Asker: 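Got a structure for you, questions after.
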Amino acid sequence: KNMRILFIASIVLLGMFEFIYFQDQYFSHFNKHQPWHRGYAYKPLVESLDTLSPNYKKIVMIKSYGGAYISLLFFGKYDPATYQSEGSPLDRDFTGFGKYYFVPGDCPLNGGIDGKDLVKAEKGVLYVNKGSCTTPLNHVKVVDTIYWQDNSVAFTLLEYVPSEKK
């Protein structure tokens with residue numbers, strides 16, 4: 001009888017330990033550990049793009065994280081019938097829907113390793129770079145920065161601002 005009580009007590013204690021461990025992992029560590037797997041930054045990205053999009057003729061997006069495409073459709077409330085009529089261009093590079101144009105690289109607006117390389121860009125276009133990209137130092141304006149839950153940069157929204165020639 002004592003062995004049975006000891007066995008049940010140890011199962012209950014183990015269950016309590018596992019429950020407390022799960023709660024700690026889920027609520028304390030989950031959002032900070034590899035936050036790019038959680039997709040947290042996509043909703044703020046779409047909200048920012050919805051606000052900024054009237055100012056641009058095109059928005060060049062990255063495909064590297066994978067979630068931006070579906071997040072734009074879902075959070076941006078893009079009409080499914082319109083998307084279908086555009087041919088559902090999800091898996092093709094250098095295509096998109098509406099104002100959104102998707103490119104395969106991480107840094108559509110690239111300034112090289114130190115940010116000093118010549119920028120090849122188009123005026124009136126908003127570029128969405130992955131957070132790890134080097135922001136070009138010349139002729140580029142940082143419009144917005146979107147962060148992951150661990151405060152690392154998820155996306156940088158950039159605008160090409162060419163210098164005026166006299």
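Please read all numbers here as calculations on a predicted model, not as lab measurements. We number each residue from 1, following the sequence as shown.
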Asker: Only counting residues at least two apart or in another chain, list the ones meeting ring pair (Phe, Tyr, Trp, His ring centres under 6.0 Å) with Tyr21.
Answerer: none
Asker: Say you draw a straight line from CG of Asn110 to OG1 of Thr135; how long is it, rounded to the nearest 0.5 Å?
Answerer: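 If we round to the nearest 0.5 Å, Asn110:CG and Thr135:OG1 are 10.0 Å apart.
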Asker: List for me each residue that meets side chain to side chain donor-acceptor pair (under 3.5 Å) alongside Tyr160, sequence neighbours excluded, and say none if there are none.
Answerer: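 Here no residue qualifies.
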Asker: Glu122: what forms a side chain to side chain contact (heavy atoms under 4.5 Å, CB included) with it, not counting sequence neighbours?
Answerer: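 Side chain to side chain contact (heavy atoms under 4.5 Å, CB included) list for Glu122, sorted by chain: Lys57, Lys58, Val125, Tyr127.
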Asker: Students often mix this up, so state it plainly: with edges at 30° and 60°, are the rings of Tyr26 and Phe22 parallel, tilted or perpendicular?
Answerer: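 Aromatic pair Tyr26/Phe22 classed parallel.
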Asker: Sequence neighbours left out, what passes side chain to side chain donor-acceptor pair (under 3.5 Å) with Asp50? Give chain and number order.
Answerer: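 For Asp50, no residue satisfies side chain to side chain donor-acceptor pair (under 3.5 Å) once neighbours in sequence are set aside.
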Asker: Would you mind reporting whether Asn55 and Val143 have side-chain heavy atoms less than 4.5 Å apart?
Answerer: no
Asker: Answer whether the closest heavy-atom distance between the side chains of Ile59 and Leu52 falls below 4.5 Å.
Answerer: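 The answer is no; the side chains never approach within 4.5 Å.
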Asker: Donor-acceptor pairs are to be reported for all side-chain atoms of residues 72-79 against protein atoms at under 3.5 Å, with residues two or more places apart or in another chain.
Answerer:
| residue | atom | partner | partner atom | Å |
| --- | --- | --- | --- | --- |
| Tyr78 | OH | Glu86 | OE1 | 3.2 |
| Tyr78 | OH | Glu86 | OE2 | 2.8 |
| Tyr78 | OH | Gly98 | N | 3.2 |
| Asp79 | OD2 | Thr82 | N | 3.2 |
| Asp79 | OD2 | Thr82 | OG1 | 2.8 |

Asker: Return the minimal non-hydrogen interatomic distance between Tyr100 and Leu49, and the atom names on each side.
Answerer: OH-CB, 3.8 Å
Asker: For the OG atom of Ser71 and the CD atom of Glu47, what is their distance to the nearest 0.5 Å?
Answerer: 11.0 Å
Asker: Test of understanding: with side chain to side chain donor-acceptor pair (under 3.5 Å), list the residues that count as partners of Ser48, not counting sequence neighbours.
Answerer: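 With neighbours one apart ignored, the set is Asp144.
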Asker: Quick check for you: to the nearest 0.5 Å, what is the distance between Glu18 atom CD and Gln25 atom CD?
Answerer: 10.5 Å
Asker: So do Tyr56 and Glu159 actually touch side chain to side chain, heavy atoms under 4.5 Å?
Answerer: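 They are in side-chain contact.
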Asker: Taking the side chain as C-beta and beyond, is there a heavy-atom pair between Pro108 and Val128 under 4.5 Å?
Answerer: no
Asker: Measuring from atom CZ of Phe155 to atom CG of Asn129, what distance do you get when rounded to the nearest 0.5 angstrom?
Answerer: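 The CG atom of Asn129 is 10.5 Å from CZ of Phe155, to the nearest 0.5 Å.
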Asker: Using side-chain heavy atoms (C-beta onward) and a distance below 4.5 Å, is Val60 in contact with Leu109?
Answerer: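 No, too far: nothing below the 4.5 Å cut-off.
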Asker: Roughly how far apart are Leu14 CG and Met16 CE, rounded to 0.5 Å?
Answerer: 11.0 Å
Asker: For a side chain to side chain contact (heavy atoms under 4.5 Å, CB included) check, start with the C-alpha distance between Tyr40 and Tyr147, then their side-chain angles and the critical distance, and finish with the verdict.
Answerer: CA-CA 9 Å; Tyr40 168 80; Tyr147 297 92; over 6 Å; no
Asker: Run the side chain to side chain contact (heavy atoms under 4.5 Å, CB included) test on Leu126 and Leu158 for me, step by step, so that the C-alpha distance in whole Å, both residues' side-chain angles and the decisive distance to 0.1 Å come before the verdict.
Answerer: CA-CA 6 Å; Leu126 183 65; Leu158 306 167; 5.9 Å; no
